[in-house]
Amino acid sequence: MRLLVTFLCAFLFFSVECCFAQIQENSDTVENVPAQVRKKKKKKKKYRLPKVDLSHWKVTIPEGSGKGGAISVAPPEILDYANNETLRPYMYNDSSAGALVFYAYPSKATTANTKYSRSELREQMEPGNDNVNWTFADGGYLKAKMSVPEITKNSDGKPHRTIVVQIHGRLTNEQRDLIGQKDNNAPPILKVYWKEGKIRVKTKVLKSKSVSAEGILHEEAWGDDEGRTFKEEVGSGKFLIEVKVSDGKMVVSLNKNEFFVYDDASMRRWGVFENYFKVGNYFQTRDKGAYAKVNLYELEVSH
């Protein structure tokens, strides 16, 4: 009997020890697992990059040596923008938004033909070369998904405005020499503005339809149209701009829902110029303390 009692006591003691060990093991395991995993596996933070290929673009920023001295960075240097200390304040990734951010403010550094500063991409069909461009007869297509998440207000409490997309004209060297102009600059046939939460489009029109083939090359031959504003209010949210050009015709659309078509006599005669696309933040004010940020999520261009 005494032997049986001893055996039973040893068995009970061993069983209790095993139970405590199992409880301790389970306790340690639970403590080492995050609370969200015990309920539902915690979602990992996502880091996203913009869908933008910069191999055919250069950028101009509000940094440099005054009027006409704004710094530009072309391929291949622009491809390493994230590590470029000069570019980083004005062109950088927002990985939480999946956007390439363009920051601009009214600095003293501008391009030669404007008083406004910009952080803006300029298309280069041949990387690093501004002299290879396209005509409307060649055709062109641009798709840009963008937003304006931050922009200051003027003294009247209204938001400043910025140009987010352009088609800029350019004279060939022969045209430049023919009219005696010092550079190759020609007017922009398209300006797409973010203005007070809406997207506004402006183009150029001939002041006289009878202007000569040489006269049409002068900037003075062209005036601004009245402009057209899309009905949809985009605010600080994302919007999609698409531009399609062909010989004598241009179509601009917002979010695949609203379309502006330009196919008049002025558009047909625009075919004399070369062109290039521009995308980014061409900030339209000199107000002290003003600034704007433009996000670029996706960019696609073809010819």
Side-chain angles (χ1 to χ4, degrees), residues 59-62 90 99-106 110-111 113-123 140 142-169 186-205 219 222-245 250-262 266-267 270 275-287 290-299 301:
V59 67
T60 301
I61 59 174
Y90 310 104
L100 179 56
V101 183
F102 294 91
Y103 172 82
Y105 74 102
T110 67
T111 55
N113 297 292
T114 182
K115 62 181 179 180
Y116 297 125
S117 302
R118 69 186 82 202
S119 294
E120 187 182 37
L121 297 174
R122 192 267 199 213
E123 180 188 14
L142 175 141
K143 179 172 74 173
K145 182 176 286 187
M146 313 180 77
S147 71
V148 182
E150 294 183 39
I151 194 163
T152 49
K153 296 180 179 180
N154 62 24
S155 57
D156 295 328
K158 293 182 178 181
H160 291 110
R161 64 177 184 165
T162 188
I163 297 174
V164 295
V165 171
Q166 294 189 76
I167 295 177
H168 213 290
I189 188 61
L190 173 69
K191 292 181 179 180
V192 179
Y193 292 83
W194 183 98
K195 182 181 180 183
E196 297 179 20
K198 289 195 171 186
I199 303 302
R200 181 165 172 78
V201 180
K202 290 187 69 64
T203 69
K204 292 292 183 181
V205 292
E219 187 171 357
W222 298 88
D224 294 320
D225 74 345
E226 295 180 355
R228 303 168 72 180
T229 303
F230 289 111
K231 293 179 181 178
E232 181 180 350
E233 184 167 348
V234 300
S236 59
K238 293 180 182 179
F239 56 88
L240 181 69
I241 295 293
E242 290 181 274
V243 182
K244 296 180 181 180
V245 295
M250 179 172 67
V251 180
V252 185
S253 67
L254 173 65
N255 291 332
K256 295 185 179 293
N257 186 46
E258 297 180 69
F259 301 82
F260 293 155
V261 179
Y262 302 88
S266 294
M267 199 60 59
W270 186 262
N275 305 275
Y276 51 88
F277 286 117
K278 305 193 82 176
V279 180
N281 184 2
Y282 182 19
F283 197 36
Q284 301 290 289
T285 185
R286 296 297 306 172
D287 288 356
Y291 74 91
K293 293 180 181 180
V294 173
N295 284 0
L296 179 62
Y297 305 92
E298 298 178 17
L299 179 61
V301 167

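For clarity, every value in this text was computed on a predicted model and none was experimentally measured.
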Dump the intermediate steps for side-chain contact (heavy atoms from CB on, under 4.5 Å) on Val279 and Met146, then the final yes or no.
CA-CA 10 Å; Val279 180; Met146 313 180 77; 3.8 Å; yes
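- Here Asn255 contributes atom CG and Ile241 contributes atom CD1; the two are 7.5 Å apart, rounded to the nearest 0.5 Å.
- Judged purely by atom type and a 3.5 angstrom limit, Asp225 uses its side chain to pair as donor or acceptor with the backbone of Thr203.
- Expressed to the nearest 0.5 Å, how far CD of Glu242 lies from CG of Leu254 amounts to 10.0 Å.
- Taking the side chain as every heavy atom from C-beta outward, Phe277 and Ile167 approach each other to under 4.5 Å.
- For the pair Met250 and Ile189, the tightest heavy-atom approach, listed with the atom from each and the gap, is CE-O, 4.2 Å.
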side-chain contact (heavy atoms from CB on, under 4.5 Å) between Leu299 and Leu142, worked out
CA-CA 7 Å; Leu299 179 61; Leu142 175 141; 4.3 Å; yes
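- The closest side-chain heavy-atom distance from Phe102 to Arg118 is not below 4.5 Å.
- No side-chain N or O of Glu232 forms a donor-acceptor pair with one of Asn257 less than 3.5 Å apart.
- Counting heavy atoms from C-beta outward, Val201 and Phe230 have side chains that approach closer than 4.5 Å.
- Heavy-atom minimum distance, Phe239 versus Val234: CB-CG1, 3.7 Å.
- Side-chain atoms of Tyr297 and Ser147 form a donor-acceptor pair, as typed in the model, at a separation below 3.5 Å.
- Side-chain N or O atoms of Glu196 include none that pairs as donor or acceptor with a backbone N or O of Lys158 at under 3.5 Å.
- Using modelled atom types, one side-chain atom of Lys198 and one backbone atom of Lys231 make a donor-acceptor pair closer than 3.5 Å.
- Here the CD1-OG1 distance, from Ile151 to Thr285, works out to 9.0 Å after rounding to the nearest 0.5 Å.
- Minimum heavy-atom separation, Phe259 to Ser253: CD2-CB, 3.3 Å.
- Glu258 has its side chain out of reach of Ile199: every pair of non-hydrogen atoms, C-beta onward, lies at least 4.5 Å apart.
- Scanning all heavy atoms of the two residues, the minimum distance from His160 to Trp194 falls at O-CZ3, 3.6 Å.
- A distance of 14.0 Å separates CG in Asp287 from NZ in Lys153, rounded to the nearest 0.5 Å.
- Pairing each heavy atom of Phe283 with each of Arg161, the nearest pair is CD1-O, 3.7 Å.
- Panel note: side chain Arg286, backbone Lys115; a donor-acceptor pair is recorded below 3.5 Å.
- Taking NZ of Lys202 as the start and CD of Glu226 as the end, the distance is 8.0 Å to the nearest 0.5 Å.
- Contact record, Lys204 with Pro187: CE-CB, 4.0 Å, taken as the closest heavy-atom pair.
- Distance check, rounded to the nearest 0.5 Å: OH of Tyr116 to OG1 of Thr162 gives 11.0 Å.
- Proximity of Asn281 to Lys293: side-chain heavy atoms (C-beta onward) are nowhere separated by under 4.5 Å.
- Within a 6.0 Å sphere centred on NZ of Lys145, other residues, nucleotides and ligands contribute 12 heavy atoms or fewer.
- Each of Glu120, Lys191, Lys278, Arg122 was scored for a side chain to side chain donor-acceptor pair (under 3.5 Å) with Gln166, with one residue passing: Glu120.
- Formation of a donor-acceptor pair under 3.5 Å by the Glu123 side chain with backbone atoms of Leu121 is not found in this model.
- With a 4.5 Å cut-off on side-chain heavy atoms, Trp270 and Asn275 count as touching.
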